[in-house]
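Worksheet: one structure, shown below.
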Amino acid sequence: MIEPIPPAFFFLFGAVLIPLLKGKIKQGYLLLIPALALIDLLLLKPGTHWVYPFLSYVLVFAQVDRLSIIMGLIFVIIGFLALLYALQVREDGQHVAAFLYVGSSLGVVFAGDFFSLFIFWEIMALTSVLLIWYQREKQSLDAGFRYILMHAFGGACLLAGIVIHYSTQGTLAVGPLGSGLAYMLVLTGFGLNTAFIPLHTWLPDAYPEGTVTGSVFLSVYTTKTGVYVLARCFPGAEGVAIMGGAMAVYGVTFALLQNDVRRLLSYHIVSQVGYMVAGVGIGTELGINGGIGHLFNNILYKALLFMCMGSVIFSTGKRKFTELGGLARKMPITTLTCVIAALSISGAPGFNGFISKGMVISAATEQHNSLLELMLVLASVGTFLSFVKLCYFTFFAKNEAMEAREVPFPMQLAMVLTAFLCVFIGVYPQSLYRLLPFAPVVYHAYAPYHVLGVVQLFLLAGLVFILAKKQFTPHLGIALDFDYFYRLGGRLLLWFCDAALNAGRLGWQERCGRVVKAAVHFSRDPLWLTETAARYVEVRFHQGFALGSKHEIDALRWELKEVLKKRGEAYDENFYRRPIGIGVLLALVFFFILGLIYLKV
Amino acid sequence: MNTLKMIYGLGVVFSILSGFFIRLEHVVFPWHKIPSWEAILGVLGSLLLLVLVKVVGIIVNREEPFYD
């Protein structure tokens, strides 16, 4: 019997061999590792494995239950598909970063204690930024630095929360937290990765700047591990549910303002993660199942969307709606798979998004949360409009000048396989239900009212799009977000450091320098200094108390000036050094003789 | 193109009419009783988002490059 190991280890240790392999062997190896991890996952049985004592703590690398298994499965499946998509990438560093990123995300999912969770959490942040920096453009480098700064802040909050939690509760086990400061800090740390508003700005800032293949990985792991840990530690938190609704609406509103294809998708990550967060926040069995089911489905269609837009950028070198159009005939596979992904994310019947989105909205309805229900439906309308816009202006709008051809076969295959999974789950939802955390799932996705409702919603929203198409036409320019305030804060901090602190430091340095300079100046002739001081006091004394006539005071002043001119004339340094030197010499001779006498005795 | 538009229009009409016959069994909120409520929501939601996007756009839209 083969004993399973933590799935994270396949990727973390597997990354080491990548630079040593070449050509087809390397390509085979890149696909073999996720395949092995998948087999390993299927062998894992619920329970706790790989408990490792470290100092006075107990680290748990494989806490296995239905929730971690479904997360592990989708992470490994999409890891395989994303690596297939990235197979043509020649840069080993990108593959290594992707492996470490996937491995650390699996590490977070299977971590049974907060300490190992935190370690994997930080590896995730550090390795994901490489997928942005490998783009090797100024915008990518800048966005990567902002990304890592935000995640460093989130990591610090998380660590502080964990320390306080451990010191008050005495346990490191990953699970629901009590109230208080630890609760808030851990929620902030998790919320930053989950793109809580207003901590979400790193996402639409950095994801569009990643490499073509790197952005596919980025779209999957960071935010979804955030949702996962929220489901572990904050199920049923009302504030979390409201945040989910707000994220869903905020994301689509800003998505509709974008001109950059991948920035639009990034805002849709915020929106779609909102559904998952809402499901987790509702906290009922249907809510959690819906949230996690939506996470599973979202990973598939969102990765597919990033693959499709990556293919468009790969083929045309363009990423703005205002520059694109007319690609449907030139890139048919990309167009078809993108339409499937668009229908999936919109939640059209027959596609996977329809199943899980309906579950989350139904959970909000069951909980009598009218505001949340309306927010999520409104976000559904916005999602549909966004993706009509995306498909129309990228593939179907007229653009005769556009030159493009279909992407390499592995990229096409990855897109087709991912699209197949989106349709398969949409048509056969039981395949997803079987994996969800709470079984059995009592939900009828294809109830007639539900299907009709979604059809009506899309047909009428589509009608508005057709009638007001001009209003949805993309424009040049950017849309500011909360990061405007962070950048403003950053500039203020920079100004404070430069203008206030640095200027103060320079001022003090100059003053101290003057004192030192004066001390050096006077120490060269101490006799002259005392004489000058005595003459100066004499002049001041006579002036102050009007002692003597003006002529006498002038004479004293003249004498002071004469003394000032004499500096260094009467003072011979060696004259004063010599007695000291002779004294030291005599002392040494004395001690030498004493030593000789002592030794002889 | 006109045929497509006609099919689309027929689809809209048919779906709205169907809403009068296919109703939600477990009504939770008062608006669930309104026939073809989702159709109304589709129009109102789109218009609301359009207004929202226009208003937010006035505040946040800037020329490129803005931060450099």
Side-chain angles (χ1 to χ4, degrees), chain A residues 138-139 142 205 249-250 252-257 259-260 320 362 364-370 373-374 377-386 447-468 471-472 475-484 487, chain B:
Chain A
K138 187 187 176 293
Q139 300 99 295
D142 292 350
D205 183 29
V249 177
Y250 188 92
V252 288
T253 308
F254 271 76
L256 282 165
L257 286 164
N259 187 31
D260 183 308
K320 305 255 162 106
S362 296
T365 310
E366 266 187 12
Q367 212 195 26
H368 293 257
N369 195 333
S370 55
E373 189 212 62
L374 288 174
V377 176
L378 183 66
S380 250
V381 175
T383 308
F384 178 73
L385 290 173
S386 261
Y449 177 84
H450 191 196
V451 177
L452 179 68
V454 173
V455 171
Q456 283 179 344
L457 202 72
F458 289 175
L459 281 175
L460 272 294
L463 193 66
V464 173
F465 182 86
I466 293 165
L467 296 174
Q471 303 300 321
F472 291 97
H475 298 287
L476 286 171
I478 58 159
L480 304 183
D481 201 336
F482 277 99
D483 62 340
Y484 174 79
R487 290 171 197 240
Chain B
M1 199 63 183
N2 282 336
T3 319
L4 270 178
K5 279 181 184 169
M6 211 164 77
I7 293 169
Y8 193 90
L10 279 173
V12 170
V13 173
F14 181 73
S15 73
I16 292 171
L17 288 176
S18 305
F20 286 87
F21 302 103
I22 300 169
R23 311 290 288 271
L24 187 63
E25 283 174 26
H26 307 289
V27 173
V28 178
F29 303 120
W31 51 81
H32 290 160
K33 291 179 193 163
I34 302 169
S36 293
W37 161 246
E38 261 78 5
I40 298 166
L41 212 58
V43 176
L44 291 181
S46 302
L47 293 175
L48 178 67
L49 275 170
L50 202 57
V51 172
L52 198 63
V53 166
K54 291 289 164 196
V55 172
V56 173
I58 292 168
I59 302 164
V60 303
N61 278 348
R62 293 289 186 280
E63 298 274 318
E64 272 186 293
F66 177 75
Y67 286 117
D68 297 331

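Being a predicted model, the structure only gives us computed values, none of them experimental. All values below come from the heavy atoms of this structure, side chains included, with hydrogens, waters and symmetry mates left out. In what follows, chains carry the letters A, B, and so on, assigned in the order in which the sequence lines appear, proteins first and then strands, with residues in each chain numbered from 1.
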(request) For the pair A/Tyr449 and B/Glu38, evaluate side-chain contact (heavy atoms from CB on, under 4.5 Å) and give the outcome as yes or no after the intermediate values. (result) CA-CA 10 Å; A/Tyr449 177 84; B/Glu38 261 78 5; 3.1 Å; yes
(message) So which residue, B/Leu24, B/Leu48, B/Val28, B/Ile40, ends up with the most heavy-atom pairs under 4.5 Å with chain A?
(response) B/Leu24
(request) With a 4.5 Å cut-off on heavy-atom pairs, point out which of B/Gly19, B/Gly9, B/Ser36 contacts chain A the most. (result) B/Ser36
(message) If you apply the rule side chain to side chain donor-acceptor pair (under 3.5 Å), what do you find for B/Tyr67 with A/Gln139, and how did you get there?
(response) CA-CA 11 Å; B/Tyr67 286 117; A/Gln139 300 99 295; over 6 Å; no
Is there side-chain contact between [X] and [Y], with at least one heavy-atom pair below 4.5 Å?
X        : Y        : value
B/His32  : A/Thr365 : yes
B/Trp31  : A/Ser370 : yes
B/Lys54  : A/Gln471 : yes
A/Phe472 : B/Val53  : no
B/Val60  : A/Asp481 : no
A/Leu460 : B/Ile16  : yes

(request) Please work out which of the three classes, parallel, tilted or perpendicular, describes the rings of B/Phe29 and A/His368, given edges at 30° and 60°. (result) perpendicular
(message) Which atoms of A/Asn259 are under 4.5 Å from chain B, going by heavy atoms: the side chain, the backbone, both sets, or neither?
(response) neither
